[in-house]
Amino acid sequence: MREISFRNDILPLKDKLYRLALRITFDSAEAEDIVQDTMIRVWNKRDEWTQFDSIEAYCLTVARNLAIDRSQKLESQNVELTPETQEMPDALTPDRAYEQDEQLRLVHHLINELPEKQRTIVQLRDIEGKSYKEIADVLQLTEEQVKVNLFRARQRIKLKYSEIDNYGL
């Protein structure tokens with residue numbers, strides 16, 4: 001097993017940790033603090049790094065647990081995520097661009113309404129691109145439970161989106 005380096009293996013995870021924390025807390029400053037606390041906790045466990053199957057899964061688990069703890073303690077206000085990396089083609093008309101922005105905002109809102117476990121699974125799978133096994137390790141679930149929760153979350157988002165899109169509910 002190769003040696004784990006903080007600079008090369010752990011520090012590059014900061015953006016993923018931030019996005020995960022932000023998805024749970026809905027607060028940018030809080031998410032930044034969680035990433036910092038995660039980095040400190042992981043650094044303090046540096047003697048145990050070789051014992052971990054996946055240092056990334058360990059970091060994500062620490063960040064997730066910290067975010068859940070803080071979210072529950074502070075009962076954070078929901079802050080809607082903005083699509084920072086969304087690129088709009090030049091051919092979009094202003095009304096079409098507005099429509100796409102509204103659709104994206106609606107999907108974010110529907111994701112934010114999901115139960116915490118489903119919201120985290122959607123974040124890790126659909127946004128972070130994690131495998132079912134990695135998600136199962138992070139959330140301490142079976143792969144089947146991850147798949148079932150992801151299916152239910154996607155179905156709920158699809159149903160609610162259709163209701164709103166078709167009926168304006």
For a side-chain contact (heavy atoms from CB on, under 4.5 Å) check, start with the C-alpha distance between Leu17 and Ile34, then their side-chain angles and the critical distance, and finish with the verdict.
CA-CA 8 Å; Leu17 298 172; Ile34 289 167; over 6 Å; no
Could you walk me through whether Trp49 and Glu3 pass the side-chain contact (heavy atoms from CB on, under 4.5 Å) check?
CA-CA 9 Å; Trp49 289 352; Glu3 188 168 322; over 6 Å; no
Apply side-chain contact (heavy atoms from CB on, under 4.5 Å) to residues Ile111 and Arg23 and explain how you reach the verdict.
CA-CA 9 Å; Ile111 291 171; Arg23 173 62 63 196; 3.5 Å; yes
Full working for side-chain contact (heavy atoms from CB on, under 4.5 Å) between Ile164 and Leu110:
CA-CA 11 Å; Ile164 292 169; Leu110 294 173; 4.3 Å; yes
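Here the side chain of Glu134 pairs a donor or acceptor atom with the backbone of Ser131 at under 3.5 angstrom.
Residue Val107 is grouped with residue Leu114 when hydrophobic side chains (ILVMFWY) are merged at heavy-atom distances under 4.5 angstrom, including chains of intermediate members. The cluster map of Ile, Leu, Val, Met, Phe, Trp and Tyr, joined by side-chain heavy atoms under 4.5 Å apart, puts Ile40 and Leu20 in different clusters. Placement of Val148 and Leu159 in two distinct hydrophobic clusters is found when ILVMFWY residues are connected by side-chain heavy-atom separations under 4.5 Å, directly or transitively. Note on Val138 and Ile127: separate hydrophobic clusters, where clusters join Ile, Leu, Val, Met, Phe, Trp and Tyr whose side-chain heavy atoms are under 4.5 Å apart, directly or indirectly. Both Leu60 and Trp43 belong to a single network of hydrophobic side chains, linked directly or stepwise wherever heavy atoms of I, L, V, M, F, W or Y lie under 4.5 Å apart.
When side chains are defined from C-beta on, Leu150 counts as touching Asp126, because their heavy atoms get closer than 4.5 Å. Counting heavy atoms from C-beta on, the side chains of Arg64 and Cys59 never come closer than 4.5 Å. Taking the side chain as every heavy atom from C-beta outward, Asp137 and Asp53 never approach each other to under 4.5 Å. Inter-residue side-chain proximity for Gln145 and Thr142 is flagged as met; some heavy-atom pair is nearer than 4.5 Å. Thr50 is not listed as a side-chain neighbour of Ile4, based on a closest heavy-atom distance of 4.5 Å or more. Side chains of Gln123 and Gln118 form no contact here, defined as non-hydrogen atoms less than 4.5 Å apart. Side chains of Gln36 and Met39 form no contact here, defined as non-hydrogen atoms less than 4.5 Å apart. Residues Gln103 and Tyr161 have side chains in contact (heavy-atom distance under 4.5 Å, counting atoms from C-beta outward).
Separating the CG atom in Asp33 from the CG atom in Leu66 is a distance of 10.5 Å, to the nearest 0.5 Å. Atoms OG1 and CD1, on Thr120 and Ile68 in that order, are 5.5 Å from each other to the nearest 0.5 Å. Atom CD of Glu48 is separated from atom CZ of Phe52 by 5.5 Å, given to the nearest 0.5 angstrom. With rounding to the nearest 0.5 angstrom, the CG atom of Asn149 is 9.0 Å from the CG atom of Leu139. Note: Asn65 CG to Thr38 OG1 = 9.0 Å, rounded to the nearest 0.5 Å. Taking OH from Tyr58 and NZ from Lys45, the interatomic distance works out to 5.0 Å, rounded to the nearest 0.5 Å.
The shortest non-hydrogen separation linking Val122 to Ala153 is CG2-CB, 3.6 Å. When all heavy atoms of Ala67 and Ala21 are compared, the pair lying nearest together is CB-CA, 4.1 Å. Closest of all the heavy-atom pairs between Ile24 and Arg119 is O-NH2, 3.9 Å.
For the pair Arg46 and Phe6, the NZ or CZ position fails the cation-pi test of under 6.0 Å to the six-membered ring centre and within 45 degrees of the ring normal.
Counting only N and O atoms by type, the side chains of Tyr18 and Ser28 include a donor and acceptor under 3.5 Å apart.
Counting heavy atoms of neighbouring residues, nucleotides and ligands inside a 6.0 Å radius, atom CZ of Arg154 exceeds 12 of them. Within a 6.0 Å radius of CD in Gln155, other residues, nucleotides and ligands contribute more than 12 heavy atoms.
A salt bridge is absent between Arg19 and Asp15: the closest approach of a Lys/Arg side-chain nitrogen to an acidic carboxylate oxygen does not fall below 4.0 angstrom.
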